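In this text the structure is predicted, and so the values were computed from the model without any measurement. Below, chains carry the letters A, B, ... as their sequence lines are ordered, and counting in each starts from 1.
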Number of protein chains: 2
Amino acid sequence: MFNNSDKSYPIELVAEFLGVNSRTLYYYEKFKLVCPTRRGRKRYYSRLDINWLEYVRELMYEQGMNLRSIIVLIKRRDNVILTKCPDDVVDSYKNYLMRLRED
Amino acid sequence: MFNNSDKSYPIELVAEFLGVNSRTLYYYEKFKLVCPTRRGRKRYYSRLDINWLEYVRELMYEQGMNLRSIIVLIKRRDNVILTKCPDDVVDSYKNYLMRLRED
DNA sequence: AATCATTTTTCACTTAAAGTGAGAAAGTAA
DNA sequence: TTACTTTCTCACTTTAAGTGAAAAATGATT
């Protein structure tokens with residue numbers, strides 16, 4: 001699943017994969033935690049987006065952080081939350097930061 | 001205020017200084033965010049304790065983190081939250097970690 | 001030891017964040 | 001225009017953070 005790195009996925013599929021409600025993904029977007037590309041009105045999530053979200057969920061549900069704190073850490077650019085995570089998540093995070101800077 | 005580093009202060013004074021309810025300090029203690037020394041039943045907070053609590057409050061109210069996330073970061077020993085704070089807070093943090101290891 | 005004063009603890013309440021359900025609105029395609 | 005799908009909005013639920021009030025516990029005083 002999600003092998004082709006150029007491919008992108010619609011919200012329902014991503015929500016199912018992450019085990020969250022699609023409303024939750026809209027909610028995260030409101031806080032700029034993720035910025036899916038849009039073709040027409042539809043949202044499409046890249047593999048990096050999904051990696052990143054997966055890591056955010058882990059921080060929240062396995063480690064116990066909350067949304068706001070993760071956003072704070074991102075804004076501080078501490079890279080704190082990334083010191084103990086696999087390389088592909090670091091890639092996802094950098095990708096996320098790049099997207100943030102775009103607007 | 002709180003100049004003598006050997007001195008320690010009762011909970012009401014500390015609460016007033018930090019602008020919190022003393023119940024809040026008991027609450028933090030429940031999560032081992034601070035471990036005041038006790039003489040008899042009374043709690044006494046050192047200057048380092050107070051520094052540390054002041055920084056925790058700043059993380060919460062100026063930066064927007066929540067209690068649980070701060071506790072997570074402490075447990076991870078990331079020193080993340082300390083990369084952008086004054087030396088005396090680092091001292092307070094190290095002091096706090098030492099205290100934690102005592103029990 | 002009995003009383004008093006103070007600190008601590010417990011219970012229950014308030015407020016706000018995180019998340020979600022239902023349905024309205026809006027866009028797309030036939 | 002109609003049917004379908006995605007997005008958006010409103011309102012609700014649940015849980016963390018914090019606090020008030022009062023009970024319980026403890027140390028001090030007589």
Report the distance from atom CZ of B/Arg38 to atom P of C/dT6, rounded to the nearest whole Å.
18 Å

Residue pair B/Met65 / A/Met65, side-chain heavy-atom distance below 4.5 Å:
no

Find the distance B/Tyr45:OH to C/dT7:C1' and express it as a whole number of Å.
11 Å

Given atom CE of A/Met60 and atom P of C/dA17, what is their separation to the nearest angstrom?
13 Å

Donor-acceptor contact present, side-chain B/Ser22 to main-chain B/Ala15, <3.5 Å:
no

Gap between atoms CD and P, on B/Glu29 and C/dT7 respectively (whole Å)
15 Å

What residues form a side-chain hydrogen bond (donor to acceptor under 3.5 Å, both in side chains) with B/Thr24, not counting sequence neighbours?
none

Nearest-nucleotide 5' precedence on DNA chain C, B/Ile11 against A/Ser69:
B/Ile11

Tell me if a side-chain donor or acceptor on B/Asn51 pairs with a main-chain N or O of B/Leu48 at a distance below 3.5 Å.
no

Expected list for residues 18-27 of chain A near DNA chain C, using heavy atoms below 4.0 Å, is A/Asn21, A/Arg23, A/Thr24, A/Tyr27

Using modelled atom types only, decide if a donor and an acceptor are shared between the side chain of B/Ser69 and the backbone of A/Asn66 within a distance under 3.5 Å.
yes

Each nucleotide of nucleotides 24-30 of chain C classed B (base within 4.0 Å of a protein heavy atom), S (only sugar-phosphate) or -, in 5' to 3' order, makes --BBS--

Any side-chain heavy-atom pair of B/Pro10 and B/Lys42 under 4.5 Å:
yes

Just the rounded figure in Å: distance from C1' of C/dG19 to CG of A/Leu33.
14 Å

Rounded off to whole Å, could you give me the OH-to-C1' distance for the B/Tyr44 and C/dT6 pair?
11 Å

Of all the heavy-atom pairs spanning B/Ile11 and B/Leu25, show the shortest one and how long it is.
CG1-CD1, 3.6 Å

So, the side chain of A/Trp52 versus the backbone of A/Leu33: is there a donor-acceptor pair under 3.5 Å, distance only?
yes

Distance in angstrom units between A/Asn66 CG and C/dA18 C1', rounded
9 Å

Identify whether NZ of Lys or CZ of Arg in B/Arg38 sits under 6.0 Å from the centre of the six-membered ring of B/Tyr44 and within 45° of that ring's axis.
no

Strictly below 4.0 Å: does B/Arg43 bring a side-chain N or O up to OP1 or OP2 of C/dT9?
yes

What pairs meet the salt bridge (Lys or Arg N to Asp or Glu O under 4.0 Å) rule with one or both residues in residues 58-72 of chain B, with sequence neighbours excluded?
none

Tell me, please, the opening and closing nucleotides of DNA chain D, 5' to 3', among those with an atom under 4.0 angstrom from a non-hydrogen atom of chain B.
D/dA16 to D/dG27

With B/Arg57 via side-chain hydrogen bond (donor to acceptor under 3.5 Å, both in side chains) - residues at least two apart:
B/Tyr28

